[in-house]
Amino acid sequence: MPSTAGHRSHTPVTELAVNRRGFLRTSLGLSAGVLAAPTFASWLGAADAKAATAYAAFVDDYRTNVVANQTPETNAVIRALGGFAEIWKTGGAWNTGTPLRPEILRANMRYCARLTNARTEAQAKEAFVYDRQHQSYAMIGALGPLTDLYKSGAKAVTSITGAPDTTPATTISDAVPADAPAGSALGAGSYTSDLGLVAKLVDTVRGPYASGNPAKFAFQYPRPWRMNEDSEVVDTGKTDALGYPVYDSDVVVAPQLLRQRSTNPAEDGGFPSGHTNAFHLAALAFAYAVPERFQELVTRAFELSHTRIMSGMHSTVDVLGGRVMATALAAAALADPANADLKTAARAQALAYFQARTGTTADTLIDYAHSDASDAYADRDANSCLVAPKLTYVLTRQGRSEPLTVPKGAEVLLETRLPYLDAAQRREVLRTTALPSGYVLLDGWEQWGRLNLFAAADGYGSFDADVTVTLDASAGGFRAADSWRNDIDGDGVLTKLGSGTLTLTGHNRYTGGTVVKAGVLGAASAHALGHGDVRVSGGTLKVATSRSVQIHGGYAQESATLDVTLRAGRGPALEVTRRAVLGRDSVLSLHLDAEKPPVAGSVVRVLGAAGLRGRFDRVELNSETLRAVPVYTAEGLSVRLLKR
């Protein structure tokens, strides 16, 4: 249900006028109203693209999101959600709208009906908890091994820890438990706690300009339990046991939430989902302060938002809308100069607090934050599978692919997760990991809906131009070491600088080649190095996988180190399709695999190539019992292991 904070009564406007630019304005001097969708849709079209630039960027205009502003002319959030006006035509009253893309909205309602009819009792109870619990508190569960430390440090509490078996006798709201420690607070926690600045950052991102109510009033798309599969509101004239009207709908509300439904449908629109907006806002605020759990926080926001559909209280398009607006609003709040000192201080406070409580450093806190095998979000691939279908739900892609211009200020969302990249590089990460165009609801003004923050946390999706990355081992945290897990394509060159470590784990297809000039570049998959020549002219190339790393091109090494772990039964650690050239001051650093170490007397292949020129100046084996003797051939290098 939408918050009533700052709410005034909503008077539908049935007559609308259009100014010469094609934008909406209300006529007859009325102060609030609904949108005439065909006009709004034309505002989104190519013919009005130039006119759209007359508006300030969302991050500069987000404070217009107040209840008094309910048109795309006056409200930046409604503009950002404008893609919905190509799906749904708002009517003159809450129950008179009509589908413009009936195939999408029919799929939307069928999805909701199918999900709620197949819902288990456990899922119903879970949906109740996350409906009634403060959304900021609910997001703390994404912190894994840091969760309990955060709750105690922030004095964050909740009274909603379980669900009744059936419909409760009264409405239920979250409250500070009577036995909570002094100074405890709901949501992200108390401002006077050890993590007070983090709590304040979360509340600031979820501040007075983050409400979904103006958009709800503007679009007036009903809750799913009030609609049939054609998005029609048909009142059967009956009432249920609680006195609520019974509508023609196949969507089944969770029993525990039946009494929580609003009795005022005109002020209880479904699109966009307020809970979803709140989950994602809180997640992105926490992710700024605790980027060690960035991807897990994003995953939990998607997971908890899905409970809105499971509960029967929202539909898929509602949830998509909530995510789109939250992404834009979080970026706006974090990019706002007024919040610059707070966000920096909150990040510093979280880092200092968790290091002190865990006995870690900036470097080792990342490992600690992922050290619990029972962590619900420990499996990155499972997280990806959870998020992927929820990025689009029932939307189908249509039309040709159009490039994305990353919305102004969006790069701030990755500021602490990818701190070693500059703003332009973070924008490129967002662009190259974004969803393709063609999803109507996500292709609205500035296209905030196309951003895929889960993927962006794993670095570039494509090297469409040459990329130079510098990590500093002395800087700590992500500035010192990071992994890019996406499958990277493009025709650019990757150049690694700085003393820190960058690890590539994807099945990469970029074709420009790879240059290592300093620090460590780890190849943690067979195709981590993409296609093209690899040149190591400083620092270290580390084979960080039990499989052979393929170099689809030539290999050259000079004044640098090749770091290899010797593993029994593996082919060459490095397999080069063209010629390999070893120049002066080339070092081979060898280690024995912990699981399958080769034994004394065995010969282990290290480097295979179409041709080999030169030799390593030094071959080192990190073993107290074995030594490595290099065996060179015209097509590579092996080492014979002998007892010392």
Side-chain angles (χ1 to χ4, degrees), residues 136-137 139-157 181 183-185 187-205 282-300 334 339-378 380 412-421 457-459 470-483 498-503 519-520:
S136 297
Y137 183 91
M139 286 311 307
I140 299 171
L143 295 178
L146 306 179
T147 297
D148 290 340
L149 289 173
Y150 182 90
K151 289 178 181 178
S152 61
K155 296 184 177 180
V157 295
S184 294
S190 167
Y191 294 175
T192 60
S193 69
D194 291 340
L195 289 168
L197 293 173
V198 179
K200 186 175 182 180
L201 178 66
V202 175
D203 288 351
T204 299
V205 171
L284 294 177
F286 278 123
Y288 192 95
V290 193
E292 292 82 5
R293 297 286 296 185
F294 186 106
Q295 203 168 56
E296 293 82 3
L297 283 155
V298 169
T299 300
R300 185 167 176 84
L334 292 170
N339 299 326
D341 291 343
L342 172 60
K343 71 179 184 181
T344 300
R347 166 57 179 156
Q349 184 182 67
L351 188 62
Y353 173 84
F354 286 123
Q355 286 179 209
R357 297 306 188 278
T358 61
T360 59
T361 65
D363 291 330
T364 58
L365 177 60
I366 298 171
D367 290 336
Y368 184 94
H370 297 90
S371 60
D372 184 359
S374 63
D375 175 6
Y377 305 101
R380 184 264 180 192
V412 73
L413 297 170
L414 301 176
E415 198 167 58
T416 57
R417 175 57 191 88
L418 301 173
Y420 51 87
L421 299 181
D458 281 335
T470 303
L471 290 99
D472 182 355
S474 66
F478 289 119
R479 295 180 185 274
D482 201 2
S483 295
S499 57
T501 299
L502 175 66
T503 302
V520 178

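Heads up: numbering here begins at 1 and tracks the sequence. Please read these numbers as outputs of a predicted model, since none were measured by experiment.
- Taking all atoms of both residues into account, the shortest heavy-atom contact from Ala287 to Thr416 is O-OG1, 3.7 Å.
- A pairwise comparison of heavy atoms in Gly183 and Ser190 identifies O-CB, 3.1 Å as the closest pair.
- Shown here are the side chain to side chain contact (heavy atoms under 4.5 Å, CB included) partners of Ala154, two or more places apart in sequence or in another chain: Tyr150, Ala156, Ser193, Leu195.
- Legend: residues meeting side chain to side chain contact (heavy atoms under 4.5 Å, CB included) with Ser371, ordered by chain and number and at least two apart, are Pro145, Tyr368.
- Nearest approach of Ser474 to Ser499, heavy atoms of both residues: N-OG, 4.4 Å.
- Looking at residues two or more places apart in sequence or on another chain, you find a salt bridge (Lys or Arg N to Asp or Glu O under 4.0 Å) between Arg417 and Asp482.
- Here the side chains of Val205 and Tyr288 are not in contact, with every heavy-atom distance at 4.5 Å or above.
- Counting only heavy atoms from C-beta outward, the side chains of Val520 and Leu471 never approach each other to under 4.5 Å.
- Counting heavy atoms from C-beta outward, Val198 and Tyr353 have side chains that stay 4.5 Å or more apart.
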Show your reasoning for whether side chain to side chain contact (heavy atoms under 4.5 Å, CB included) applies to Asp148 and Leu143. CA-CA 9 Å; Asp148 290 340; Leu143 295 178; over 6 Å; no

Decide yes or no on side chain to side chain contact (heavy atoms under 4.5 Å, CB included) for Arg293 and Tyr377, but give the supporting numbers first. CA-CA 10 Å; Arg293 297 286 296 185; Tyr377 305 101; 4.1 Å; yes

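- Separating the CG atom in Leu149 from the CD1 atom in Ile140 is a distance of 12.0 Å, to the nearest 0.5 Å.
- To the nearest 0.5 Å, atom CG of residue Asn339 and atom NZ of residue Lys200 are 9.0 Å apart.
- Remark: Thr503 engages Ser483, Thr501, Thr505, Ala524 in a side chain to side chain contact (heavy atoms under 4.5 Å, CB included) (not counting sequence neighbours).
- Ala457 approaches Gln295 most closely through the heavy-atom pair CB-NE2, 4.0 Å.
- The backbone N or O of Asp194 sits less than 3.5 Å from a side-chain atom of Gln349, completing a donor-acceptor pair.
- Looking at residues two or more places apart in sequence or on another chain, you find a salt bridge (Lys or Arg N to Asp or Glu O under 4.0 Å) between Glu292 and Arg347.
- Put simply, OH on Tyr420 and CG on Leu502 are 6.0 Å apart, with the number rounded to the nearest 0.5 Å.
- Of all heavy-atom pairs spanning Ile366 and His370, the tightest one is O-ND1, 2.8 Å.
- Atom CG in Leu421 sits 8.5 Å away from atom CG in Leu414 (nearest 0.5 Å).
- Here Pro419 pairs with Phe478, Arg479 under the side chain to side chain contact (heavy atoms under 4.5 Å, CB included) rule; sequence neighbours left out.
- The structure places CZ of Arg380 at 4.5 Å from CG of Asp458, a figure rounded to the nearest 0.5 Å.
- Under the 4.5 Å side-chain criterion, counting only non-hydrogen atoms from C-beta, Leu197 is in contact with Leu342.
- Within a 6.0 Å radius of NZ in Lys151, more than 12 heavy atoms belonging to other residues, nucleotides or ligands are found.
- The heavy-atom pair separating Ala480 from Asp363 by the smallest distance is CB-OD1, 3.7 Å.
- Under a 3.5 Å cut-off, the side chain of Thr364 and the backbone N or O of Thr360 do not form any donor-acceptor pair.
- Looking only at side-chain heavy atoms (C-beta outward), Lys343 and Val412 come within less than 4.5 Å of each other.
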